[in-house]
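Naming convention: chains lettered A, B, ... in sequence-line order (proteins, then strands); numbering from 1 in each chain.
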There are 2 protein chains.
Amino acid sequence: MKLTDLQQEFVLHFGEMGSRWGINRTVGQIYAVLFLSAEPLHAEQIVERVGCSRSNVSMALKELQSWNLVRLKHLPDDRRDYFTTPADLWEIVRTLVAERKKREIDPTLTKLRELQWREPDTDADAHAHARIAELGTLIELLVGWYEDMDRLETARLVQLFALGARIQKFVGDAEAVVPRLKGRRSAAREG
Amino acid sequence: MKLTDLQQEFVLHFGEMGSRWGINRTVGQIYAVLFLSAEPLHAEQIVERVGCSRSNVSMALKELQSWNLVRLKHLPDDRRDYFTTPADLWEIVRTLVAERKKREIDPTLTKLRELQWREPDTDADAHAHARIAELGTLIELLVGWYEDMDRLETARLVQLFALGARIQKFVGDAEAVVPRLKGRRSAAREG
DNA sequence: CAGTAATTTCAGGAATTTCTGAAATCAACT
DNA sequence: AGTTGATTTCAGAAATTCCTGAAATTACTG
């Protein structure tokens, strides 16, 4: 089956965006095809739709699997591998964020912590050392927030995002009632 | 001036991470050098520190400027361009998120909206069309939340991130008092 | 305007990434 | 074990990205 114009355009767009998203064109296109398809697809069907070589599809699927972005399925009496993307878009978002964090943030956080152990050698190092520490603290704050959010049920997550800045109002109110909220942070997190 | 071991290691790390972050090694290294430096640096000083060609530094700085990640300074009686990164890390985070959104999200959102106009051609298209619409809605929700957050003062932002999941408690409470919060969303956003 | 210092541009070479077809591997069935 | 069909691996070709040195440009100075 060939793609409709609508689908074609979506697929080509994902291919073009691929490089900005840190994946290559084929991977982007294949993901798009799977994302749009109502049915799981096997490799040969993907070849038809994106028009690249069979081996390229194989490699791209491996890449998508390493990102946990596709699921492998099997049909009865058919030994081919079929692939899909999750129906739930929030699951996709969670996966995407988790994987990007793992690849783009975690190695740096590890390195920053490692560098913080070092005593600053020289005077000029003092500033650099402080800067590294500050960056580490900031990233830890953001990662901690993310981990908190990731634990929430999707319904709750949607609610918070939909609230947007109006969340502030509640926090402001609550702070008046429960002062020194910040001080309680680490204790509360451990629970 | 050569870099200390501490600085060298940080700079090399940023160079290596560059490809995962969608920038090249030189750009990553130069950013790292500027980030650590207590003083603004001119191009020749950067060449000394990262050990690449003068022209490469020029191109990399242009790239960093296109990301708004560096600031240009001038010293009295010195016509060279000096570069720094903002002292405030939250400003850096804001810039980074804004630029990544601009490059990685906005073009796709535009495309999705464009494709939603199209009538689904065939039956198979119906599913694809629905999927595209769903994705558009999700991204709009996330972008709306981001824009809301971006309007907040940094102190407020830090407060919210530090709260993490405990924010939920307040929202839950508030909902009991002000029901049908969701329905009020669009009206409130326009304010 | 000539001279000088700083920066930018750019053609082409180096390095890296992506893609392909052929061969190898794997797994189910006889 | 042998056959068939699906998938993976991999060496090298193709494409892309990155980097350099030389030349051009910009902008200040005397």
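Computed from coordinates, the B:Asp77 CG to C:dA5 P distance equals 16 Å when rounded to whole Å. Nucleotide C:dT17 holds its P atom 12 Å from the CG atom of B:Asn24, rounded to whole Å. Rounded to an integer number of Å, the gap from A:Asp81 CG to C:dC26 C1' is 11 Å.
Mapping A:Asp78 and B:Cys52 onto DNA chain D by nearest heavy atom places A:Asp78 closer to the 5' end of the strand.
Within residues 54-67 of chain A, the residues approaching DNA chain C are A:Ser55, A:Asn56, A:Met59, by heavy-atom distance under 4.0 Å.
Remark: A:Trp21 pairs with A:Phe14 by the ring pair (Phe, Tyr, Trp, His ring centres under 6.0 Å) rule, at least two apart or across chains.
Judged purely by atom type and a 3.5 angstrom limit, B:His129 uses its side chain to pair as donor or acceptor with the backbone of B:Arg118. Checking side-chain atoms of A:His127 against main-chain N and O of B:Leu36 turns up a donor-acceptor pair under 3.5 Å. Side-chain atoms of A:Gln29 do not come within 3.5 Å of backbone N or O of A:Thr26 as any donor-acceptor pair. Put simply, the side chain of A:Glu16 never gets that close to the backbone of A:His13: no donor and acceptor are under 3.5 Å apart.
Cluster annotation: B:Leu160 and B:Leu141 are assigned to the same hydrophobic cluster (Ile/Leu/Val/Met/Phe/Trp/Tyr, side-chain heavy-atom contacts under 4.5 Å, transitive). Taken together through direct or relayed side-chain contacts under 4.5 Å among Ile, Leu, Val, Met, Phe, Trp and Tyr, B:Tyr31 and B:Met59 form parts of separate hydrophobic clusters.
Between B:Arg25 and C:dA15 there is no side-chain polar atom (N or O) within less than 4.0 angstrom of OP1 or OP2. One finds a side-chain N or O of B:Arg80 lying less than 4.0 angstrom from the OP1 or OP2 phosphate oxygen of C:dA6.
Residues A:Leu41 and A:Arg49 are in side-chain contact: their nearest non-hydrogen atoms beyond the backbone lie under 4.5 Å apart.
Nearest to the side-chain atoms of B:Arg79 among the listed nucleotides C:dA5, C:dA28, C:dT20 stands C:dA5.
B:Arg113 and B:Gln116 are not linked by any side-chain donor-acceptor pair at a separation below 3.5 angstrom, with hydrogens and angles left out of the test.
A:Ser19 comes within contact range of no nucleotide atom at all, as no heavy-atom separation falls under 4.0 Å.
Put simply, chain B comes within 4.0 Å of DNA chain D, heavy atom to any atom, from D:dC18 to D:dC28, going 5' to 3'.
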